Every structure is written in C-alpha cells, then in structure tokens.
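Worksheet: the structure to be examined is printed underneath.
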Protein chains: 2
Amino acid sequence: MTDSKTDICDNSNDTITKRLRAAGLRPTVQRRTVAENLLCGPHQHVDASKLFETISGNGGRISLATIYNTLNDFERVGLLRRIAISGERTWFDTDTGDHRHYYIPDEDRVFDCPSSALVIDVTPRAPSGYRIEKVDVVIHLEADTTKTSD
Amino acid sequence: MTDSKTDICDNSNDTITKRLRAAGLRPTVQRRTVAENLLCGPHQHVDASKLFETISGNGGRISLATIYNTLNDFERVGLLRRIAISGERTWFDTDTGDHRHYYIPDEDRVFDCPSSALVIDVTPRAPSGYRIEKVDVVIHLEADTTKTSD
DNA sequence: ATGCCTGCAAAAACTTTGCAGAATT
DNA sequence: AATTCTGCAAAGTTTTTGCAGGCAT
C-alpha cells in the first residue's frame, strides 16, 4: 500500500483544518483551498502556475505569490515533495514517499513510475560526512515512433 | 573505462576545432574557449554563471547570452548533458554517459556518484508508446552531523 | 561574399520579497 | 488585540531572443 495519504482527507473542511494545524500551519482560506486541491484524492504533480489556474478556474481567490508561498510552506512541513524536472520549473508531488517519476517534455507531463517498472530497487550510499536527504529519479520519455515491439 | 572522453582533447586548438566541426558547429573563438574549459581534462559539472565567471576570470571574452547559447548548442549535438537539479538552475555535465549525481544544496555543488556507491544498477521500463530518452538521478546530500559511523 | 555567430540589451519566464490590509487565534 | 497571512506589485534570478556588427568558410 503506497496510497497511505490518499484517503486521510475526506474533503471536509474539518479534516483539512486539522491536517494543516497538525503541520503547524494556520488553516487560512487559501491554504485550505490548496490542501483541498492537492491533498485530497489521488496523488498529483503540479507546478505553481498549473495550480494557480486550477484554483482560479474553480472560482478560488488566491494570488500567484501565495501559491508559491503555500507550496514552499507545504514542502517545508512535509506535506509536499519538490521534484527536480529539467530545470525549467519546480514541480511538487503530493506523494512524499520515495519513488521515481516519468517526465514527458513534449507533453509537459509528470507522473509516477510504478515500482513494477523497475527491475530492482537500489539505495545509493552517501559519501562519508554526508547523509542522503532524498533521491530524485526522473525518467525522461519521448513518444516512441518505432512501431516495433521489443 | 568510463573516461573515454577525458583525453580525446589534448588542449590544442587543432583538436578542439576538429571536435567542434565534427559535431557540426563552427569553431568560433567563444565555442573553442568553452570547449577548452569543459571538454579537456577531467569531467566537470557547471552552470551558466559559473562557466561565465571562470572564462571571464581567465581573460576570455564572452557574453552570458553566448554562454547559454553555447551550452544549449553543445547539449543539442551531444557534447554535454543537461542535469536537472532542484529546479533552481540548469547544470551541465561533460560526462554524457549514464550515471548518477550527488548534489549538496548547502555547498551548491554537484559531482558524480561512483557506481561503486550503488548496490545494483537498474533500468526502468518505459510505458508503452514511449521510450526512455534519459534518466536523471540526483541524490541530495546534507552534511551529516551525526558522528556515529555505521 | 555569404552566412552563421556574438554581443548587448531587452524581454520573457519563473520565483521571492516588502508592505499595507485582512484573516486567524 | 496580537500575530500571522494574503494580495499586489516590484524586484530578483535565470534564460531566451532580436538585431547590428563580426568572424568563419
């Protein structure tokens, strides 16, 4: 079971409020809105502008700056995980667990790489004096025009 | 042997010129300067501003815009590999082969993760319809304040 | 001589910050 | 009421682009 977080949030304001408070964040309207959009339902991958559009499109009232602040706050308290994609923009993942990502530049899309797609999982060692904070694995994909099956 | 490229370039203008020409790039002064700095000697990891400072510090005459253009050109023709680090800046690696990276945010430093630090190497599968273009693995490190040896 | 490349500056894209007002406790 | 947060705009970073002049072929 990797979706331990998926149904913690039942979309009620109460649950979201508790969750934010537990993380040490004041449950403001904007933060609740972001939490509703990101932390309820299945995991997702967003960047600031995409989230801004989604919330604004749903009638939410929030500024881009607050989106950035909120995403950074959420990451700081462990509600989100920052992903390093090709260096353009910063993406955030609602799944804070250790896993890999597929990235399709041509479609500007990021999604999880199921562990079944990996032969064996490996944990790299850290050089002495350091410890591993996190491991980012991004698998860049391209549409395969080759019709041949392997 | 993974340093197949290390000594291809003997630092002579001739070799660099040939290399650029082989890649389909005109051997201009600026491109030769960048190539001298990056493609000769041991592999390195740079970002645009760091490279700009290095070259400028050595008396090289090149603009930041040209640095960016050149790095992008070099990547396009396969002389460099782009690395996705936490989303701040874009780094380039002179080692275009498949390997992992250590990243130390506090020191703003990137370096190779020797394969000996990995237990087993894995190749992920691509979802159907796509093929893997490249895999970015970035291991984020933090200074270990724990004195305990494992 | 032709065409590609460079430099500069301007702009574009992304992200952070400052301050006054508003919401939360 | 005190504190924290939001919004807006302005500024900061990083990267790209346009155009006139320069260099490579």
Side-chain angles (χ1 to χ4, degrees), chain A residues 13-14 16-37 45-53 55-56 59-77 79-80 82-92 105 108 110, chain B residues 13-14 16-37 45-53 55-56 59-77 79-80 82-92 105 108 110:
Chain A
N13 283 334
D14 259 20
I16 296 174
T17 298
K18 276 174 193 150
R19 197 125 181 253
L20 289 174
R21 208 166 263 149
L25 295 175
R26 273 194 186 174
T28 65
V29 174
Q30 288 76 197
R31 283 176 179 165
R32 282 209 308 271
T33 305
V34 171
E36 273 168 31
N37 272 273
H45 308 82
V46 299
D47 68 318
S49 58
K50 178 186 288 194
L51 180 60
F52 179 61
E53 283 167 23
I55 292 182
S56 300
R61 192 172 287 94
I62 194 171
S63 74
L64 227 202
T66 299
I67 292 279
Y68 276 105
N69 291 336
T70 304
L71 288 174
N72 287 334
D73 289 341
F74 278 22
E75 189 216 5
R76 179 168 43 77
V77 300
L79 291 176
L80 293 177
R82 186 182 298 256
I83 326 171
I85 306 292
S86 74
E88 323 161 346
R89 266 162 304 159
T90 300
W91 289 72
F92 289 88
D108 196 39
V110 176
Chain B
N13 284 333
D14 258 20
I16 295 175
T17 298
K18 276 174 194 151
R19 193 119 188 258
L20 289 174
R21 208 166 263 149
L25 296 174
R26 269 194 188 174
T28 65
V29 174
Q30 288 77 196
R31 283 176 178 165
R32 281 208 309 270
T33 304
V34 171
E36 273 168 30
N37 272 274
H45 307 84
V46 298
D47 69 319
S49 57
K50 177 186 288 192
L51 180 59
F52 179 60
E53 283 167 24
I55 292 181
S56 300
R61 193 172 286 95
I62 194 170
S63 72
L64 228 202
T66 299
I67 292 278
Y68 275 104
N69 291 335
T70 303
L71 287 174
N72 287 334
D73 289 342
F74 279 21
E75 189 216 4
R76 180 170 41 79
V77 300
L79 291 176
L80 293 176
R82 184 183 298 257
I83 324 173
I85 306 291
S86 75
E88 322 161 345
R89 268 162 303 160
T90 300
W91 289 73
F92 290 88
D108 197 39
V110 175

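This structure is a prediction, so every number in the text was calculated from the model and none was measured. Chain letters run A, B, ... following the sequence lines, proteins first and then strands; every chain starts at 1.
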What does the inter-axis angle of the helix from dA1(C)-dT25(D) to dT25(C)-dA1(D) come out as, five pairs per end, nearest 10 degrees?
30°
Could you list the residues that satisfy side chain to side chain contact (heavy atoms under 4.5 Å, CB included) with N72(B), not counting sequence neighbours?
R82(B), F92(B)
Under 4.0 Å between a side-chain N/O of R89(A) and OP1 or OP2 of dA13(C), yes or no?
no
Can you give me every donor-acceptor pair (side chain of residues 20-29 of chain B, partner residue at least two apart or in another chain, under 3.5 Å) with its distance?
residue, atom, partner, partner atom, Å
T28(B), OG1, R31(B), N, 3.3

Please give, in whole Å, the distance from dC4(C) C1' to R76(B) CZ?
12 Å
Any donor-acceptor pair under 3.5 Å from T70(B) side chain to T66(B) backbone:
yes
How many whole angstroms separate atom CZ of F74(A) from atom C1' of dC5(D)?
13 Å
Can you tell me how far C1' of dT15(C) sits from CD of E75(A), to the nearest Å?
14 Å
Residue pair T90(B) / D47(B): nearest heavy atoms and the distance that separates them:
O-CB, 3.4 Å
What are the two closest non-hydrogen atoms of A48(A) and I67(A), and how far apart are they?
O-CG2, 3.6 Å
Check W91(A) against H45(A) and note the closest heavy-atom contact, atom names and distance.
CZ3-O, 3.6 Å
When you compare the side chain of D108(A) with that of K50(A), does any pair of heavy atoms fall below 4.5 Å?
no
All N/O pairs under 3.5 Å across the protein-nucleotides 19-25 of chain D interface:
residue, atom, partner, partner atom, Å
dT25(D), OP1, R21(B), NE, 3.4
dT25(D), OP1, R21(B), NH2, 2.5
dT25(D), OP2, R21(B), NH2, 3.3

Could you tell me how far apart Q30(A) (CD) and dC8(D) (C1') are, to the nearest whole angstrom?
13 Å
If I compare all heavy atoms of I62(A) with all of F52(A), which pair ends up nearest, and what's the gap?
O-CE1, 3.1 Å
Distances under 3.5 Å only, N/O to N/O: pair up the protein atoms with those of nucleotides 20-22 of chain C.
none

Measuring to OP1 and OP2 of dT15(D), would you say a side-chain N or O of T90(B) lies under 4.0 angstrom away?
yes
Residues from residues 60-69 of chain B lying under 4.0 Å of DNA chain C - heavy atoms
R61(B), I62(B), S63(B), A65(B), T66(B)
